[in-house]
Amino acid sequence: AQRVTQPEKLLSVFKGAPVELKCNYSYSGSPELFWYVQYSRQRLQLLLRHISRESIKGFTADLNKGETSFHLKKPFAQEEDSAMYYCALSGAAGNKLTFGGGTRVLVKP
Amino acid sequence: GAVVSQHPSWVICKSGTSVKIECRSLDFQATTMFWYRQFPKQSLMLMATSNEGSKATYEQGVEKDKFLINHASLTLSTLTVTSAHPEDSSFYICSARDGYTFGSGTRLTVV
């Protein structure tokens with residue numbers, strides 16, 4: 001069985017401060033990990049995926065297979081980063097996603 | 001970029017009636033689409049995988065007779081909630097294009 005855990009339901013940081021959203025997973029094979037973002041009243045959007053090794057909107061995430069983690073980081077949070085963030089995992093079974101519970105990020109001015 | 005259109009964006013229906021939700025891939029063909037359900041303040045849970053030209057694959061605990069899925073073309077999958085009850089009220093979201101592009105969701109309220 002595959003599982004994704006986001007231990008923090010809410011992260012509140014000040015503008016310009018670093019932010020890290022934790023994501024741990026459980027999967028027996030080689031997973032593909034994703035971060036999705038959902039801004040207020042908007043659809044879910046793909047933020048980044050581990051195989052791309054990209055930095056989107058200043059966010060990065062590194063897959064740590066030893067710790068089974070895929071934490072999302074940004075060195076300097078901006079107010080427009082306030083949103084709901086979901087970590088997700090895709091296993092071998094054809095691209096269906098297992099989502100974590102989500103973390104709400106609130107960036108205060 | 002790839003766009004997945006979902007319709008309607010919200011619907012209110014009476015208990016016992018059926019509601020159809022459409023998911024369309026606008027600029028690409030999707031042999032596979034996915035249907036998720038999201039309860040308030042909770043995460044997305046996969047309900048079923050919709051396969052073009054064949055039967056959908058349902059996740060454990062999802063009633064296939066209640067949530068009818070039809071994927072008759074490469075650009076359209078429909079989810080029909082049959083004999084809806086208030087507990088079916090939820091946010092339903094589809095995805096396509098390798099499962100990574102999501103529709104805007106449908107909020108269903110059953111009264």
Side-chain angles (χ1 to χ4, degrees), chain A residues 1-11 21-27 31-52 54 56-57 61 70 72 83-106, chain B residues 1-10 21 23-26 28-52 54-62 69 71 77 90-107:
Chain A
Q2 50 198 60
R3 178 179 293 179
V4 178
T5 303
Q6 293 178 248
E8 305 124 336
K9 289 189 179 298
L10 173 66
L11 274 180
L21 290 72
K22 290 185 169 51
C23 172
N24 289 91
Y25 67 90
S26 173
Y27 183 68
E32 188 169 353
L33 275 297
F34 306 82
W35 275 100
Y36 281 86
V37 60
Q38 189 170 31
Y39 300 103
S40 180
R41 300 181 185 278
Q42 294 187 29
R43 71 180 65 196
L44 208 61
Q45 300 174 35
L46 178 63
L47 183 61
L48 51 81
R49 51 197 292 190
H50 89 270
I51 62 171
S52 301
E54 294 175 300
I56 306 294
K57 299 183 178 182
F70 188 56
L72 183 69
M84 194 74 182
Y85 292 80
Y86 292 97
C87 182
L89 176 154
S90 174
N95 301 322
K96 61 181 183 180
L97 293 169
T98 298
F99 284 85
T103 298
R104 181 167 299 280
V105 172
L106 177 62
Chain B
V3 176
V4 174
S5 173
Q6 201 170 330
H7 178 81
S9 56
W10 61 270
I21 302 170
C23 180
R24 293 182 185 273
S25 57
L26 295 188
F28 63 96
Q29 294 182 332
T31 56
T32 303
M33 293 184 178
F34 302 90
W35 286 96
Y36 295 82
R37 183 173 181 177
Q38 186 178 27
F39 289 104
K41 298 187 178 182
Q42 295 188 31
S43 189
L44 287 79
M45 296 291 291
L46 180 67
M47 298 176 65
T49 302
S50 173
N51 304 298
E52 188 270 332
S54 65
K55 292 182 179 180
T57 305
Y58 290 81
E59 295 300 301
Q60 190 173 12
V62 178
I69 290 173
H71 195 151
S77 174
S90 188
F91 196 55
Y92 293 87
I93 311 172
C94 69
S95 73
R97 192 178 179 89
D98 295 332
Y100 307 146
T101 302
F102 283 81
S104 55
T106 298
R107 184 162 302 284

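Proteins come first, then strands; the chains are lettered A, B, ... in the order of their sequence lines, and each starts at number 1. FYI, side chains are in, hydrogens and waters are out, and symmetry mates aren't considered; it's all heavy atoms of this structure.
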Can you see which heavy atom on A:Y86 is nearest to which on B:Q42, and at what distance? OH-O, 3.8 Å
Distance, nearest 0.5 Å, that separates CG of A:L97 from OG of B:S95: 6.5 Å
Examine distances only and state if a side-chain atom of B:S43 and a backbone atom of A:G100 form a donor-acceptor pair shorter than 3.5 Å. yes
Within this structure, what is the CZ-CD1 distance for the pair A:R43 and B:I93, rounded to the nearest 0.5 Å? 10.5 Å
Side chain, backbone, both or neither: which part of B:Q60 has an atom under 4.5 Å from a heavy atom of chain A? neither
With under 30° as parallel and over 60° as perpendicular, where do the rings of B:Y36 and A:F99 fit, or are they tilted in between? perpendicular
Is the side chain of A:R49 donor-acceptor paired with the backbone N or O of B:Y100 at a distance under 3.5 Å, no angle test? no
A quick test of your reading: do over 12 heavy atoms of other residues, nucleotides or ligands sit less than 6.0 Å from CE of A:M84? yes
Separation between CZ (B:F102) and CD (A:Q42), nearest 0.5 Å, reads 15.5 Å
Counting only non-hydrogen atoms closer than 4.5 Å, does B:E59 touch chain A with its backbone (N, CA, C, O), its side chain (CB onward), both, or neither? side chain
Residue A:R104 versus chain B: region with a heavy atom under 4.5 Å: neither
Can you tell which part of A:Q38 gets under 4.5 Å to a heavy atom of chain B, answering side chain, backbone, both or neither? side chain
